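The structure appears below as structure tokens.
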Amino acid sequence: MLIVGERINTSRKNILPAVENRDANFIVDTAKSQYNAGADYIDVNAGTLLGKEPDALVWLVKTVQDAVDVPLTIDSPNPEAIKLALMAHKGKAMINSITAETERYSQILPLIKEYNTKIIALAMDDSGIPTTAEGRLTAARKLVDALTSEGIQLDEIYVDPLVYPIATGSEYGKAVIDTISTIKKEYPGIHTICGLSNISHGLPVRKLLNQAFLVMCITVGLDSAIIDPLDQRLMGLLYASEALIGADEFCTEYLVAAREGKFEGIV
């Protein structure tokens, strides 16, 4: 399971002032805590800063990577901000994200090629954001076929089925599960990823829903997730689920996590 730490995002109340004031110590501490909790990539997002976003995103990339030896997920709707961040990035980055929308696709594809990045591929196209599994699958197939025709390898592509809050539609959880299952069967070697916490937006006891949804998605093939790695129970369920479905050979990762004390206090 590839884990992307989601906490460095200016939509979070404690991150916004830290980025605005260039509080490097706070950002470094946030990055280190996620890395130490098991994050393989750390997402950096300064999208709420609008006109100030490019400078802020570059600062985040440099600040995090100067302190923590970890690759980043460059998360922005602004192609120019992504390009500047990639120029500052050390190692193999991940772009969040590309879609099958004509304009977005034409803007992001050259960056994937030039900087040899991993790519999160959102299951949407010019017709908008699909609400059904079939609509998402149609958009995802179109996007994956286009990317692979351009020489992008399947194992560099992370299909995001787009998680909607179930508070706004009772079918939205199942649509994600069906999309993940089908994509993994149709494109062996491809990855799937999602912003897990969107599922519980607007409902009480959100962590409970997030935890249940993670387990369900792992059982149908989710192999990457944008999550809060500081949620100890969520991470514990991740390790346990992978061990139970045979995705963790000889339960190695589970045993390492146990020896490191990552399950203390949750059982």
Side-chain angles (χ1 to χ4, degrees), residues 1-99 104 107-122 156-158 160 162-163 191 193-198 201 224-231 234-235:
M1 173 70 73
L2 186 141
I3 300 163
V4 179
E6 68 180 9
R7 296 180 68 88
I8 301 181
N9 188 318
T10 55
S11 65
R12 288 176 172 256
K13 292 180 180 179
N14 60 344
I15 297 295
L16 178 58
V19 175
E20 289 179 322
N21 299 323
R22 299 300 192 261
D23 184 347
N25 288 336
F26 187 87
I27 295 300
V28 166
D29 287 347
T30 304
K32 284 183 175 179
S33 65
Q34 292 185 97
Y35 177 72
N36 291 335
D40 302 294
Y41 273 71
I42 293 176
D43 189 89
V44 289
N45 184 319
T48 63
L49 294 178
L50 300 177
K52 299 178 181 179
E53 181 195 9
D55 287 343
L57 198 58
V58 170
W59 178 79
L60 281 172
V61 169
K62 292 179 177 179
T63 300
V64 172
Q65 288 202 305
D66 282 348
V68 187
D69 184 18
V70 63
L72 307 181
T73 299
I74 311 300
D75 190 353
S76 173
N78 182 343
E80 183 58 29
I82 293 175
K83 182 177 178 66
L84 292 171
L86 290 172
M87 291 172 64
H89 188 275
K90 295 179 289 188
K92 193 177 188 70
M94 176 184 288
I95 297 175
N96 188 4
S97 54
I98 194 169
T99 72
R104 181 70 175 180
Q107 292 170 333
I108 301 301
L109 179 63
L111 299 178
I112 303 171
K113 290 184 171 183
E114 181 177 356
Y115 295 95
N116 186 31
T117 71
K118 297 178 182 290
I119 182 65
I120 294 177
L122 301 186
E156 303 281 28
I157 301 172
Y158 292 72
D160 186 335
L162 295 170
V163 177
H191 299 286
I193 191 168
C194 68
L196 188 81
S197 61
N198 288 343
H201 185 75
S224 319
I226 305 170
I227 60 175
D228 179 1
L230 301 187
D231 183 335
L234 185 72
M235 291 294 288

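The structure displayed is predicted, hence computed values, not measured ones.
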request  = Start with the C-alpha gap between Glu114 and Lys83, add the side-chain angles, then the distance that decides, and say whether salt bridge (charged side-chain N to carboxylate O under 4.0 Å, His left out) holds.
outcome  = CA-CA 10 Å; Glu114 181 177 356; Lys83 182 177 178 66; 3.3 Å; yes

request  = Going by the side-chain contact (heavy atoms from CB on, under 4.5 Å) test, name the single residue among Leu60, Val61, Val4, Ile8 that passes it with Ile42.
outcome  =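 Per the side-chain contact (heavy atoms from CB on, under 4.5 Å) rule, the option paired with Ile42 is Ile8, out of Leu60, Val61, Val4, Ile8.
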
If I take atom [atom1] from residue [X] and atom [atom2] from residue [Y], how far apart are they, to the nearest 0.5 angstrom?
X: Glu20; Y: Thr10; atom1: CD; atom2: OG1; result: 8.0 Å
X: Ile108; Y: Ile95; atom1: CD1; atom2: CD1; result: 5.5 Å
X: Arg12; Y: Asn45; atom1: CZ; atom2: CG; result: 11.0 Å
X: Leu84; Y: Leu86; atom1: CG; atom2: CG; result: 9.0 Å
X: Asn116; Y: Glu156; atom1: CG; atom2: CD; result: 6.0 Å
X: Leu196; Y: Leu234; atom1: CG; atom2: CG; result: 6.0 Å

task = Please report the C-alpha distance between Ile74 and Thr117 in whole Å, then the side-chain angles of each, then the deciding distance to 0.1 Å, and finally whether the side chain to side chain contact (heavy atoms under 4.5 Å, CB included) criterion is met.
result = CA-CA 10 Å; Ile74 311 300; Thr117 71; over 6 Å; no

Do [X] and [Y] come within less than 4.5 Å of each other through their side chains, counting heavy atoms only?
X: Val64; Y: Ile27; value: yes
X: Asn96; Y: Ile193; value: no
X: Ser197; Y: Asp228; value: no

request  = Just grab all the side chain to side chain donor-acceptor pair (under 3.5 Å) pairs involving residues 23-35, residues at least two apart or on different chains.
outcome  =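 For residues 23-35: none.
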
Where is the tightest heavy-atom contact between [X] and [Y], given as atom of each residue plus distance?
X: Ala85; Y: Val58; value: N-CG2, 3.9 Å
X: Glu53; Y: Pro77; value: OE2-CD, 3.9 Å
X: Ile3; Y: Gly38; value: CD1-O, 3.6 Å
X: Pro229; Y: Glu6; value: CD-N, 4.5 Å
X: Trp59; Y: Ala18; value: CH2-O, 4.1 Å
X: Ile119; Y: Ile112; value: CG1-CD1, 3.6 Å

query = With a cut-off of 6.0 Å (strictly less than), are more than 12 heavy atoms of other residues, nucleotides or ligands near NZ of Lys92?
reply =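 Counting neighbours around NZ of Lys92, more than 12 heavy atoms of other residues, nucleotides or ligands fall under 6.0 Å, so yes.
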
query = Is it the case that more than 12 heavy atoms not belonging to Asn14 sit under 6.0 Å from its CG atom?
reply =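 Buried by this count: over 12 neighbours within 6.0 Å.
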
ask   = Looking only at atom types and distance, does a side-chain atom of Arg7 sit under 3.5 Å from a main-chain N or O of Ile15, one as donor and one as acceptor?
value =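 Not at all, since once roles are kept as given, no pair shorter than 3.5 Å links the two residues.
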
query = Side chain of Gln65, backbone of Val70: donor and acceptor closer than 3.5 Å?
reply =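 Yes: the side chain of Gln65 pairs with the backbone of Val70.
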
request  = Apply side-chain hydrogen bond (donor to acceptor under 3.5 Å, both in side chains) to the pair Asn9 and Ser11, showing each step before the final yes or no.
outcome  = CA-CA 5 Å; Asn9 188 318; Ser11 65; 2.9 Å; yes

ask   = When you look at Ile227 and Met235, which way does the side chain to side chain contact (heavy atoms under 4.5 Å, CB included) test go after all the steps?
value = CA-CA 9 Å; Ile227 60 175; Met235 291 294 288; 3.8 Å; yes

request  = Any chance you could lay out the side chain to side chain contact (heavy atoms under 4.5 Å, CB included) test for Asp55 and Arg22, step after step, and finish with the verdict?
outcome  = CA-CA 11 Å; Asp55 287 343; Arg22 299 300 192 261; 4.1 Å; yes

ask   = Do Tyr115 and His89 pass the side chain to side chain contact (heavy atoms under 4.5 Å, CB included) test, and can you show the C-alpha distance, the side-chain angles, and the key distance before you say yes or no?
value = CA-CA 10 Å; Tyr115 295 95; His89 188 275; over 6 Å; no

